[in-house]
Undergrad: 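Here's a structure for you.
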2 protein chains.
Amino acid sequence: MQLSNDPYRLFKQFLSLHLEADDQITEFCKKFKHKKTKKNELLLSVDEVCSYLYFVNSGCLRIYLLDNNGNESTRFLVTENKFGTSFPSFKLQEPSLASIQSLEPADLLYISYKDFNVLLHEYPAWERIYRIILEKEYIESIKRIESLITMDAKQRYQALMETSPSFIQRFPSRMIADYLGISQETLSRLKSKR
Amino acid sequence: MQLSNDPYRLFKQFLSLHLEADDQITEFCKKFKHKKTKKNELLLSVDEVCSYLYFVNSGCLRIYLLDNNGNESTRFLVTENKFGTSFPSFKLQEPSLASIQSLEPADLLYISYKDFNVLLHEYPAWERIYRIILEKEYIESIKRIESLITMDAKQRYQALMETSPSFIQRFPSRMIADYLGISQETLSRLKSKR
DNA sequence: TAAATTTATTGACATTTGTCAATCACCAGT
DNA sequence: ACTGGTGATTGACAAATGTCAATAAATTTA
């Protein structure tokens, strides 16, 4: 698929959904830079302080953890039209437990922690948009917690098929597995057993 | 323990941490009402739309789910100096999947959805405080997700002992168990096997 | 205080899920 | 078309966790 020439097109569209006046949109855009990534490019490694918040124009970011045994666990999958970062590290400016990887060739906008705070303190409209994004993400995380504490592996997989069917086609099944908190083999068996 | 006469004391103190000027604090307080609960009092039942956001002066709120088999799962435990509600239901004004229970006799402030939005739209300072609360809660929820997808029952219990040791003394162990997403029996065995 | 109720612990066993290893299928590059 | 590599599937088994039942301990209520 061919992306529009203007890398800020999607972002502006996103912003305009939440803003009455359009006058500040260009100010916001000025703080975001544009970047393309290759498949599997690493944007943040464990123990680095996360300096950027990303907006995904196309492609997908994967925020994931690596445990002592070398097992990966996917904290989030961030697709088109969404914001993503290693949030605790970005917000608190402390070393990240998670890494960020560009799963596919991606087209991204990104803003530095410093500029992000400039927007936050100078533009009430940005504070509002950010708050709305936080609310949405928080609600999603609550649902994720609920699925993890109340459902078994099969139920979680079925729930994911209902809420995010595109994930299942789009991402390798070992990532779906560790997003669900189960092993690749268990997921494979769930799929075959109807 | 005897609480101060002014039920807004803790709340004001909380607000003043995040506000430069104190002039709006009384405005905020006006929108919050005061309420005492009995032990085990139910503040919200499943399928009701959650109308209130609570601030806990003393006591504890438990936000929990009930599955088809009658198993309870604790989504959150909200203690002194914290805000709590059935967030997805409160925010989206849709029927709640969770119930809210006052685990102990509690002293609460609460604000209606309507008044909450009045504050949100009329006071940038409230928007800011709310945003800061959201950030904190969101970070906590991310850590909870991480512990659920990367750790086994024993590790989760140990992590809880480190981050919230007071929980373990304070709450019945079956609630700790379903907060961790494990059965009461498994928790009981974890405790005995060191 | 005693009785009644709830909560916690323990054992036996079933189920779920993980681990390791082998095989299979697919794709990328030559 | 071959080849090497990655990802997916399957089997055999091990480990973790859940379930059910019995008992013990603690708490509440009369």
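Lettering of chains follows the sequences in order, A, B, ..., and the numbering in each one begins at 1. All values reported here derive from a predicted model rather than from experimental measurement.
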Undergrad: For a quick check under 3.5 Å, do B:E135 and A:Y130 share a side-chain donor-acceptor pair by atom type?
TA: yes
Undergrad: Which of residues 163-172 of chain B have a heavy atom under 4.0 Å from DNA chain C?
TA: B:P172
Undergrad: Does the pair B:D6 and B:K12 meet the rule for a salt bridge (Lys or Arg N to Asp or Glu O under 4.0 Å), with working shown?
TA: CA-CA 10 Å; B:D6 178 10; B:K12 286 176 184 167; 3.3 Å; yes
Undergrad: Between A:I149 (CD1) and D:dG18 (C1'), how many Å, whole number?
TA: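 It works out to 16 Å between those atoms.
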Undergrad: Hey, are A:R144 and A:E137 close enough for a salt bridge, meaning a charged N less than 4.0 Å from a carboxylate O?
TA: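 The answer is no: the pair does not qualify as a salt bridge.
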Undergrad: Heavy atoms under 4.0 Å is the rule here; annotate nucleotides 15-30 of chain C 5' to 3' with B where the base is hit, S where only the sugar-phosphate is, and - elsewhere.
TA: --SSBBB---------
Undergrad: Please tabulate the protein-to-nucleotide N/O contacts below 3.5 Å involving nucleotides 24-27 of chain D, giving atom names and distances.
TA:
none

Undergrad: How bent is the helix from C:dT1-D:dA30 to C:dT30-D:dA1, comparing axes over its five end pairs at each side, to the nearest 10°?
TA: 50°
Undergrad: If you take the centroid of each ring, where Trp contributes its six-membered ring, are A:Y52 and A:F32 closer together than 6.0 Å?
TA: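 Ring-ring flag for A:F32/A:Y52: false, centres at least 6.0 Å apart.
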Undergrad: Looking at residues at least two apart in the chain, or sitting in another chain, which of them share a ring pair (Phe, Tyr, Trp, His ring centres under 6.0 Å) with A:F171?
TA: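 Checked A:F171 against ring pair (Phe, Tyr, Trp, His ring centres under 6.0 Å); matches are A:F167.
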Undergrad: Counting side-chain heavy atoms from C-beta on, which of D:dG7, C:dT10, C:dT9 comes nearest to B:S192?
TA: C:dT10
Undergrad: Rounding to a whole Å, what distance do you find between B:Q155:CD and D:dA15:C1'?
TA: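 Going from B:Q155 (CD) to D:dA15 (C1'), I get 14 Å.
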Undergrad: Ignoring hydrogens and geometry beyond distance, is a side-chain donor-acceptor pair present between A:N57 and A:H34 at under 3.5 Å?
TA: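 No, because no side-chain N or O of A:N57 sits under 3.5 Å from a partner of the opposite role on A:H34.
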Undergrad: Hey, mind stepping through B:Y110 and B:F55 against ring pair (Phe, Tyr, Trp, His ring centres under 6.0 Å) and telling me if it holds?
TA: CA-CA 6 Å; B:Y110 64 100; B:F55 178 82; over 10 Å; no
Undergrad: If you look only at distance, which donor and acceptor atoms sit under 3.5 Å apart when one is on a side chain in residues 175-184 of chain B and the other is two or more places apart or in another chain?
TA:
unit_1 : atom_1 : unit_2 : atom_2 : d
B:D178 : OD1    : B:T74  : N      : 3.0
B:D178 : OD1    : B:T74  : OG1    : 2.5
B:S183 : OG     : B:T186 : N      : 3.2
B:S183 : OG     : B:T186 : OG1    : 3.0

Undergrad: Take the protein atom CD1 of A:I176 and the nucleotide atom C1' of D:dT9, then report the distance between them rounded to whole Å.
TA: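 A:I176 atom CD1 is separated from D:dT9 atom C1' by 17 Å.
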Undergrad: Among B:F116, B:F76, B:Y54, B:F14, which one satisfies ring pair (Phe, Tyr, Trp, His ring centres under 6.0 Å) with B:F83?
TA: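 Of the listed options, the one satisfying the test is B:F14.
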Undergrad: Taking atom P of D:dT17 as reference, at what distance in whole Å does atom CG of A:L148 sit?
TA: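 Rounded to whole Å, this separation is 14 Å.
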Undergrad: Rounded to whole Å, how long is the line connecting atom CZ of B:R174 with atom C1' of D:dG18?
TA: 16 Å
